[in-house]
Asks: 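Below are the structure tokens for one structure; questions will follow.
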Amino acid sequence: MSSFRFIYRRRALKFAAAALCAATLPVVRAQPAVPIRLALVESMSGTFANTGEAVWRNLLWAVERVNARGGVKLPGGARLLQLDRYDSKGQNEEALSALRAAVDDGARIVLQGNSSATAAALVDAIEKNNERDASRRVLFLNYSAVDPVLTNERCSFWHFRFDAHADMRVTALMEVMKSDAALKRAYLIGQDYSFGQSVLRESKRQLAMLRPDVQIVGEELHPMGRVKDFAPYASKILASGAQVVVTGNWGSDLTLLVKAAREAGFNGSFYTFYGNALGAPAAIGDAGIGRVVAVADWLPNVQTRESEAFYRAFRERFPKPADDYVHMRMQLLVEALAQAIERAGSVDPVAVARALEKAEVSLAGQSGRMRAADHQFQQSLVVGVMDRQGSPGVKFDVEGSGYGFRVVRTIAAERAEMPTSCKMQRP
């Protein structure tokens, strides 16, 4: 055998042995980056389950949009957002248990909003957790808990609010109410907890200042989520001779209230925070045309091409009429979070919080910025009046009810902004 053939054979055997060894070794593949976990703590069962599910759809859609563009860009590679849900059952103690479970599961971003009392309890618990265990610090993003104290005397470095607080919303409603020359008698009613109390307090203050000629003929607080028959309240409203009812009620407390008032024969107006969704328009019916007023950060009938495209996209994602509940602020919240994580180049809660203090975001023609002094998001507000779909300015209805809200007043962000008494302690 020639030396050439000998060398060739020896090399062939060597390569075969190497190949055999390689075949027995485990194949190492790149593992996908661990997603960034967001924990939604909200009522997913009980009286206010519909509000929790509505929030879930909004935040899920926002998360899907971020993930569709590749996720959040970080130095080690892009990471997707993962939204997990934890049922608070409408109870503060359950919400605190859900918070503990979320932290144990690895979530460092918590989202909640459908109760200011719950939000306050979460703020306290998160501050204690973050002081006690720096390795498991948590940020709290609030999309709906609007008690003014949360960004005033009880402000926290770890808490960011993306909804206009109650005093800001009352001010927007008063922009319309103060120009109603025929208004002489108003009835104030709300849920008996911090938010409902603040709505009544600020409504009284502003009416006295802007319309001292308007008499407050009734002032009532009722248990939250426990009243099944609002007929007695409706009878009081009717007997008072009120022309207008001002309420911050939400969920079933709003729907049942307006339905009872309609059935009692009340023909006055409702000035609401949340009269534009979750069954209220259908419950009110024709009696609400020109009479039900709602304030929001955005309404589907905002007259811009970008706004219309945004709303149509949501309805394509959630086509059932009952699922028609979309809020621009919840979309901006997730966009602001993604922006802050990318700017921080980290998911460390302190770094993300410092970046979130400087957040400025835009989507579908709507924009807003976070105010660092108190972590209160600043954005424009709109006031709408209920009308039949197809009427001028009412291209879209609500939840297939045949009724929508025509925008009658837009309050620019700089006009909606209010001073703060926050004295924030930063780490």
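Both backbone and side-chain heavy atoms feed into the values below; hydrogens, waters and symmetry mates do not.
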Asks: Test Leu188 against every option in Val217, Ile216, Thr247, Val199 by the side chain to side chain contact (heavy atoms under 4.5 Å, CB included) rule and name the one that passes.
Replies: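 When Val217, Ile216, Thr247, Val199 are each tested with Leu188, the side chain to side chain contact (heavy atoms under 4.5 Å, CB included) holds only for Ile216.
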
Asks: Could you work out, with side-chain contact (heavy atoms from CB on, under 4.5 Å) as the rule, every residue matching Ala359, not counting sequence neighbours?
Replies: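 Result, side-chain contact (heavy atoms from CB on, under 4.5 Å) vs Ala359: Ala336, Gln339, Leu356, Met370.
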
Asks: Could you go step by step and tell me if Glu53 and Arg57 meet the salt bridge (Lys or Arg N to Asp or Glu O under 4.0 Å) rule?
Replies: CA-CA 6 Å; Glu53 292 293 345; Arg57 290 191 296 273; 5.2 Å; no

Asks: Run the side-chain contact (heavy atoms from CB on, under 4.5 Å) test against Ala62 and tell me which residues pass, sequence neighbours left out.
Replies: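 side-chain contact (heavy atoms from CB on, under 4.5 Å) list for Ala62, sorted by chain: Arg65, Gln331, Val334.
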
Asks: Using the rule given for salt bridge (Lys or Arg N to Asp or Glu O under 4.0 Å), can you reason through Arg205 versus Asp167, listing the C-alpha separation, both sets of side-chain angles and the distance that settles it, and then say yes or no?
Replies: CA-CA 10 Å; Arg205 187 187 75 81; Asp167 291 358; over 6 Å; no

Asks: Could you check whether Glu127 and Ser156, counting side-chain N and O atoms only, form a donor-acceptor pair closer than 3.5 Å?
Replies: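 Glu127 and Ser156 do have a side-chain donor-acceptor pair below 3.5 Å.
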
Asks: Mind checking side-chain contact (heavy atoms from CB on, under 4.5 Å) for Arg226 and listing every partner two or more places apart, or none if nothing turns up?
Replies: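 If we apply the side-chain contact (heavy atoms from CB on, under 4.5 Å) test to Arg226, skipping adjacent residues, the hits are Pro223.
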
Asks: At what distance, to the nearest 0.5 angstrom, does CG of Asn129 lie from CZ of Arg137?
Replies: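 If we round to the nearest 0.5 Å, Asn129:CG and Arg137:CZ are 9.5 Å apart.
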
Asks: Got a sec: does the CZ of Arg305 have more than 12 other heavy atoms crowding it under 6.0 Å?
Replies: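 Incorrect, the count does not exceed 12.
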
Asks: Is the Phe310 ring parallel, tilted or perpendicular to the Trp298 ring (thresholds 30°, 60°)?
Replies: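 Aromatic pair Phe310/Trp298 classed perpendicular.
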
Asks: Quick one: ring-ring contact (aromatic ring centres under 6.0 Å, His included) pairs with a partner in residues 82-102, sequence neighbours left out?
Replies: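 Those involving residues 82-102 do not exist here.
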
Asks: Kindly compute the distance separating CG (Leu141) from CG (Leu139), expressed to the nearest 0.5 Å.
Replies: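 Spacing of CG (Leu141) from CG (Leu139) equals 6.5 Å.
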
Asks: Any chance you could lay out the side-chain hydrogen bond (donor to acceptor under 3.5 Å, both in side chains) test for Ser97 and Arg100, step after step, and finish with the verdict?
Replies: CA-CA 5 Å; Ser97 295; Arg100 290 190 289 271; 3.1 Å; yes

Asks: Just one of Val292, Val383, Val385, Asp387 clears the side chain to side chain contact (heavy atoms under 4.5 Å, CB included) bar with Phe405, so which one?
Replies: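 So the option named by the test is Val292.
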
Asks: First locate atom CD of Glu202, then atom CZ of Arg169, and finally report the distance between them rounded to the nearest 0.5 Å.
Replies: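 Answer rounded to 0.5 Å: 14.0 Å.
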
Asks: Just by distance, do the side chain of Arg291 and the backbone of Tyr271 share a donor-acceptor pair under 3.5 Å?
Replies: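 Side chain of Arg291 to backbone of Tyr271, a donor-acceptor pair under 3.5 Å: no, none is there.
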
Asks: What distance do Met174 atom CE and Leu210 atom CG have between them, rounded to the nearest 0.5 Å?
Replies: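 Rounded to the nearest 0.5 Å, the CE-CG separation comes out at 7.0 Å.
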
Asks: Under 6.0 Å between ring centres: does that hold for Phe314 and Tyr325?
Replies: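 Centroid distance Phe314-Tyr325: not below 6.0 Å, so no.
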
Asks: If you apply the rule salt bridge (Lys or Arg N to Asp or Glu O under 4.0 Å), what do you find for Glu417 with Arg369, and how did you get there?
Replies: CA-CA 11 Å; Glu417 188 169 0; Arg369 63 175 177 84; 3.0 Å; yes

Asks: Using distance only, find each side-chain donor-acceptor pair of residues 277-286 under 3.5 Å and give its atom names and separation, not counting sequence neighbours.
Replies:
unit_1, atom_1, unit_2, atom_2, d
Asp286, OD1, Arg388, NH2, 2.4
Asp286, OD1, Tyr403, OH, 2.6
Asp286, OD2, Arg388, NH2, 3.1

Asks: Rounded to the nearest 0.5 Å, what separates atom CG in Leu337 from atom CZ in Phe162?
Replies: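 Taking CG in Leu337 and CZ in Phe162, the distance rounds to 7.5 Å.
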
Asks: Please work out whether the ring planes of Phe230 and His222 are parallel, tilted or perpendicular, with thresholds of 30° and 60°.
Replies: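 Answer is perpendicular, since the angle exceeds 60°.
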
Asks: I'd like to know whether NZ of Lys184 has more than 12 heavy-atom contacts from other residues, nucleotides or ligands below 6.0 angstrom.
Replies: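 Buried by this count: over 12 neighbours within 6.0 Å.
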
Asks: Under 6.0 Å between the ring centres of Phe140 and Phe160?
Replies: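 Distance test on ring centres: not under 6.0 Å, no.
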
Asks: Side chains of His165 and Asp147: any donor to acceptor distance under 3.5 Å?
Replies: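 His165 and Asp147 do not have a side-chain donor-acceptor pair below 3.5 Å.
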
Asks: Once the angle between the rings of Trp250 and Phe48 is folded into 0 to 90°, is it parallel (under 30°), tilted (30 to 60°) or perpendicular (over 60°)?
Replies: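 Tilted: the ring planes of Trp250 and Phe48 meet at 30° to 60°.
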
Asks: Is a side-chain donor-acceptor pair under 3.5 Å present for Arg371 with Gln376?
Replies: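 No, because no side-chain N or O of Gln376 sits under 3.5 Å from a partner of the opposite role on Arg371.
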
Asks: Hey, could you give me each pair passing side-chain hydrogen bond (donor to acceptor under 3.5 Å, both in side chains) that has a residue in residues 110-122? Not counting sequence neighbours.
Replies: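 Counting only pairs at least two positions apart or across chains, the side-chain hydrogen bond (donor to acceptor under 3.5 Å, both in side chains) contacts touching residues 110-122 are Thr51-Asn114, Asn92-Thr118, Ser115-Thr118.
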
Asks: Taking the side chain from Asp397 and the backbone from Glu399, do they hold a donor-acceptor pair closer than 3.5 Å?
Replies: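 Here the side-chain-to-backbone pair does not exist.
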
Asks: Please assess Arg312 against Glu306 for the test salt bridge (Lys or Arg N to Asp or Glu O under 4.0 Å), listing each intermediate value before the final yes or no.
Replies: CA-CA 10 Å; Arg312 288 190 185 279; Glu306 299 94 333; over 6 Å; no

Asks: Starting at OG of Ser367, measure out to CD of Glu335 and round the result to the nearest 0.5 Å.
Replies: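 Going from the OG atom of Ser367 to the CD atom of Glu335 covers 13.0 Å.
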
Asks: For Tyr311 and Glu316, which I'm curious about, is there any donor-acceptor pair between the side chains at under 3.5 Å?
Replies: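 Checked: Tyr311/Glu316 side chains show no N/O donor-acceptor pair below 3.5 Å.
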
